[in-house]
Amino acid sequence: LTGSAVANPNPSNFDREYLVPVIIGAVTPQTINMDLDTGSSDLWVFSNSTPGAQATGHVVYQPNTCNASTCAKLLPGETWSIQYSDMSSSSGIVYSDLVTIGGAAVSSQAVEAAQIVSSSFTTDTANSGLLGMAFSSLNTCRPQQQLTWFDNIKASLAAEVWTANLQKGAAGTYNFGYIDSTAYNSNITYTPVSTLRGFWEFTFSGYQLGSSSFVTTDMAAIADTGTTLLLLPSAVVESYWAQVPSAHLEPSLGAYIYPCSATPPNFTFGIGSYRGVVPGSYLAYGPVSSQWCYGGIQSQGSSPFSVFGDVLLKAQFVVFDVGNLRIGYAAK
Ligand SMILES: CC1CCN(C(=N)N)CC1
Ligand SMILES: CC1CCN(C(=N)N)CC1
């Protein structure tokens with residue numbers, strides 16, 4: 001078994017997130033556009049349990065709890081509650097239902113129906129749910145923790161692997177169970193993943209800011225499709241933006257902005273001896289005013305790891321190898 005699904009950048013704003021059409025239900029199937037997030041492990045959707053005012057503009061999951069084996073089933077007593085790093089949150093109840101992504105189906109997937117969603121989810125009308133693809137140890141369902149869609153399907157796949165091929169301002173692809181050798185043009189360099197924190201966490205071997213020399217130093221990072229930007233240690237971020245005249249940390253935003261007339265420098269990361277290049281144009285996130293632009297590289301703050309978000313991932317072909325607990329990067 002294999003699967004292949006489109007990854008659509010959020011239509012309105014600078015590839016803030018990438019949405020995947022997910023088909024939920026057998027008797028009355030619904031296609032719901034969800035944000036595939038390798039930084040969390042809950043599959044949750046706006047639903048008929050979400051208050052109307054919070055669900056306005058969204059497709060809502062309507063579980064068909066009919067009386068056949070193919071119907072949705074409420075999991076009695078199960079609840080979930082999650083908070084994301086941008087302080088958004090959601091919570092609710094849990095059903096089991098058929099979930100098909102890119103032609104690959106899980107018959108009894110925990111589908112977490114929202115009873116409450118915070119305002120930033122309500123206003124993000126292109127996104128009607130989160131598809132968690134980190135490790136199941138982070139799943140918030142209680143009292144019985146539930147498995148991610150990938151954990152449920154992986155034994156049926158040709159290989160316990162999936163790949164991300166995100167694009168800048170265009171549709172990309174998530175493939176499940178196979179590696180499309182036509183999708184990249186360098187060897188894939190793998191490095192081990194630690195699951196101790198439940199993320200796709202790995203060590204990268206250093207970085208290069210623009211045309212400066214490569215800095216060889218082992219650093220921790222997670223690969224996170226659910227984070228838009230590239231988050232690095234504040235000292236590295238300061239050095240990076242020092243290369244752009246007038247770029248500065250804007251206190252009111254808590255972020256670096258730079259003159260939109262400038263193109264930011266490239267960012268290169270190392271995996272062993274592999275060098276992954278993020279073009280400067282990918283690090284121009286979007287305007288905050290007529291002349292100031294929001295930088296695509298920002299500080300990781302107090303986080304113990306960097307966050308390789310969409311601005312970096314879209315420049316690479318990325319292999320999430322669950323079977324071998326490793327992550328792979330290739331140029332494309
Ligand atoms: C470490 C944090 C990264 C951002 N998150 C996420 N993509 N769900 C939350 C966890
Ligand atoms: C993992 C992220 C998904 C998108 N988010 C949001 N719409 N508030 C934040 C959390």
Side-chain angles (χ1 to χ4, degrees), residues 3 5-13 16-26 28-64 72-75 78-86 88-102 104-106 108-134 136 138-141 146-153 162 164 166 174 176 224-228 310:
V6 66
N8 289 310
N10 185 317
S12 53
N13 50 11
R16 187 175 77 137
E17 61 198 2
Y18 289 82
L19 300 159
V20 176
V22 176
I23 304 174
I24 306 180
T28 46
Q30 293 177 273
T31 299
I32 299 179
N33 289 320
M34 302 179 68
D35 180 1
L36 191 153
D37 177 21
T38 59
S40 65
S41 305
D42 284 54
L43 189 164
W44 72 263
V45 285
F46 281 74
S47 74
N48 56 0
S49 300
T50 313
Q54 296 179 22
T56 307
H58 291 266
V59 174
V60 297
Y61 171 56
Q62 297 181 286
N64 188 334
K73 292 174 191 58
L74 178 71
L75 300 186
E78 280 289 292
T79 60
W80 60 280
S81 177
I82 194 165
Q83 185 164 41
Y84 298 99
S85 45
D86 67 350
S88 60
S89 61
S90 51
S91 62
I93 54 178
V94 189
Y95 293 86
S96 176
D97 208 346
L98 175 71
V99 175
T100 304
I101 307 175
V106 169
S108 301
Q109 173 64 42
V111 179
E112 303 171 29
Q115 293 175 310
I116 304 175
V117 301
S118 64
S119 58
S120 68
F121 283 113
T122 298
T123 53
D124 185 3
T125 52
N127 171 346
S128 289
L130 264 283
L131 173 61
M133 296 282 268
S136 294
L138 293 182
N139 179 268
T140 73
C141 290
Q146 301 296 317
L147 295 179
T148 65
W149 180 84
F150 195 84
D151 269 353
N152 279 320
I153 202 161
W162 60 284
L166 303 179
Y174 287 114
F176 306 103
D224 183 9
T225 58
T227 290
T228 308
D310 297 328

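The first residue of the sequence shown is numbered 1, and numbering continues consecutively from there.
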Residues in side chain to side chain donor-acceptor pair (under 3.5 Å) with [X], at least two apart?
X      : value
Thr148 : none
Glu78  : Gln146
Ser91  : none
Asp42  : Thr140

Worksheet entry | Any Leu98 side-chain heavy atom under 4.5 Å of Ile24 side chain | no

Item to complete: Please examine the side chains of Val99 and Ile23, heavy atoms only from C-beta on, and report whether any two atoms are closer than 4.5 Å.
Response: no

Can you list the residues that meet the side chain to side chain contact (heavy atoms under 4.5 Å, CB included) rule with [X], with sequence neighbours excluded?
X      : value
Asn8   : Val6, Ala171
Ala72  : Tyr61, Pro63, Thr65, Asp97
Ala134 : Ser41, Leu138
Asn152 : Val106, Gln109, Leu147

Worksheet item: Mind checking whether Tyr174 and Trp162 have parallel, tilted or perpendicular rings, split at 30° and 60°?
Response: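 Plane angle between 30° and 60°, so tilted.
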
Do any side-chain atoms of residues 46-54 form donor-acceptor pairs under 3.5 angstrom with protein atoms, and if so which ones, sequence neighbours left out?
residue	atom	partner	partner atom	Å
Ser47	OG	Ser49	N	2.9
Ser47	OG	Ala114	O	3.0
Thr50	OG1	Ser47	N	2.9
Thr50	OG1	Ser47	O	3.1
Thr50	OG1	Ala114	O	2.7
Gln54	OE1	Val117	N	2.8

Discussion item. With a 6.0 Å cut-off (strictly less than), is the heavy-atom count around CG of Leu74, excluding the residue itself, greater than 12?
Written reply: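 Count over threshold, so yes.
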
Discussion item. Rounded at 0.5 Å granularity, tell me how far SG in Cys141 sits from CH2 in Trp44.
Written reply: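 With rounding to 0.5 Å, SG (Cys141) is 13.0 Å from CH2 (Trp44).
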
List the atom pairs, with distances to 0.1 Å, where a side-chain N or O of residues 28-36 and a protein N or O form a donor-acceptor pair under 3.5 Å, not counting sequence neighbours.
residue	atom	partner	partner atom	Å
Thr28	OG1	Asn64	ND2	3.4
Gln30	OE1	Gln62	N	2.7
Gln30	NE2	Val60	O	2.7

Discussion item. According to salt bridge (charged side-chain N to carboxylate O under 4.0 Å, His left out), does anything in residues 16-25 pair up with another residue at least two apart or in another chain? List the pairs.
Written reply: Arg16-Asp124

